[in-house]
Amino acid sequence: IEIMIDGEEIDVYLVFPQSYEPGDVVPAVIETGGVDGLMTIGFAEYLLQWNAEDIAWVGFDLPGHGTSAGITNTVETDRLHLAVIQRLQEHEGIDDQNIFVYGRSFGGTTALRLVALHGDELDLGGVASFGAVGELAFADPDTVDHMPAMTRNAFARMFGLDPNDREGIV
């Protein structure tokens with residue numbers, strides 16, 4: 001499915017379980033991570049886990065990464081998730097009372113933000129946050145000095161920053 005954010009068309013992957021037949025209504029899990037490639041890993045896990053439970057899988061890259069590279073991330077990390085959730089709630093093949101969000105790393109931070117700011121209005125089936133480390137990068141400016149190069153580059157790219165400009169990042 002395609003989602004429009006800030007004038008950018010974002011690819012969101014909705015994969016139905018192998019048992020799905022037209023007319024079926026199934027629960028869905030939205031799974032997001034923090035850096036490039038985590039969506040691909042999530043899809044492999046889907047094939048091993050969610051598919052066997054007849055649950056649809058929804059994956060997309062966070063702003064600043066992969067298919068969402070055209071969107072600069074902001075403190076409002078949840079805006080893409082909100083757009084995806086709204087689209088899923090309108091989808092005839094998805095049980096709108098059984099949409100779950102599973103996030104890890106920056107995706108975990110976004111999952112927590114969804115619950116804190118929009119939990120009552122979204123009426124989700126559940127939210128799980130694993131390794132929500134994104135907030136640590138904002139807590140202490142010196143954190144950026146201790147990030148592995150890959151993490152620092154991914155972090156900077158998410159926010160449209162130059163990874164070599166320490167002062168710009170902190």
Side-chain angles (χ1 to χ4, degrees), residues 1-22 24-74 76-119 122-135 150-151 153-155 157-160:
I1 57 179
E2 295 172 347
I3 303 289
M4 291 294 289
I5 298 286
D6 299 342
E8 292 283 331
E9 192 173 276
I10 304 303
D11 292 327
V12 175
Y13 299 91
L14 169 59
V15 182
F16 285 95
Q18 291 174 327
S19 64
Y20 182 82
E21 298 282 337
D24 287 352
V25 177
V26 297
V29 62
I30 299 169
E31 184 175 1
T32 55
V35 298
D36 289 343
L38 208 48
M39 183 179 64
T40 306
I41 294 167
F43 179 69
E45 288 179 351
Y46 164 76
L47 292 174
L48 296 172
Q49 298 172 18
W50 307 112
N51 181 54
E53 301 299 323
D54 296 327
I55 298 173
W57 178 83
V58 182
F60 55 91
D61 292 308
L62 292 182
H65 292 288
T67 61
S68 300
I71 303 173
T72 299
N73 207 351
T74 68
E76 296 171 336
T77 58
D78 51 338
R79 60 197 172 113
L80 181 52
H81 282 71
L82 290 169
V84 171
I85 291 166
Q86 180 180 1
R87 179 68 62 85
L88 291 175
Q89 289 173 331
E90 298 167 353
H91 196 290
E92 64 186 26
I94 300 297
D95 178 353
D96 66 349
Q97 299 298 302
N98 281 303
I99 297 173
F100 299 84
V101 176
Y102 171 54
R104 37 182 152 169
S105 189
F106 274 106
T109 301
T110 300
L112 292 175
R113 185 175 165 87
L114 280 169
V115 171
L117 298 179
H118 310 284
L122 290 178
D123 196 26
L124 295 169
V127 175
S129 174
F130 177 73
V133 298
E135 69 276 6
M150 182 185 104
T151 304
N153 289 341
F155 177 79
R157 190 172 56 246
M158 284 178 68
F159 293 95

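Basis for what follows: all heavy atoms, side chains included, without hydrogens, waters or symmetry-related copies.
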Side chain to side chain contact (heavy atoms under 4.5 Å, CB included) between R87 and I3, intermediate numbers included: CA-CA 8 Å; R87 179 68 62 85; I3 303 289; 3.8 Å; yes

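In this structure, CH2 in W50 is found 8.5 Å from CZ in F100, a value given to the nearest 0.5 Å. The CG atom of D95 sits 11.5 Å away from the CG atom of L88 when rounded to the nearest 0.5 Å. To the nearest 0.5 Å, atoms CG (L14) and CH2 (W57) are separated by 10.0 Å. Between atom CG of residue D78 and atom CG of residue L114 there is a gap of 5.5 Å, rounded to the nearest 0.5 Å. The line from CD1 of I99 to CD1 of I94 is 7.0 Å long, rounded to the nearest 0.5 Å. Expressed to the nearest 0.5 Å, how far CD1 of I1 lies from CD1 of I10 amounts to 12.0 Å.
Evaluation of the side-chain contact (heavy atoms from CB on, under 4.5 Å) rule for E9 yields E2, M4 as partners, not counting sequence neighbours.
Two residues are said to be in side-chain contact when any heavy atoms from C-beta on lie closer than 4.5 Å; Q97 and D123 meet this criterion. In this structure, T32 and H81 have side chains that are in contact, with non-hydrogen atoms separated by less than 4.5 Å.
Residue A128 comes nearest to A111 through the heavy atom pair O-CB, 3.9 Å, listed as atom of the first residue, atom of the second, then distance. In terms of heavy-atom proximity, D11 sits nearest to F60 at O-CB, 3.9 Å. Contact record, P17 with V26: CD-CG2, 4.3 Å, taken as the closest heavy-atom pair.
I5 pairs with exactly one of V84, L80, L82 by the side-chain contact (heavy atoms from CB on, under 4.5 Å) rule, that one being L80.
With a 6.0 Å radius and a threshold of 12 heavy atoms from other residues, nucleotides or ligands, E90 has its CD atom above the threshold.
Using cut-offs of 30° and 60° for the angle between ring planes, the F16 and H91 rings count as tilted.
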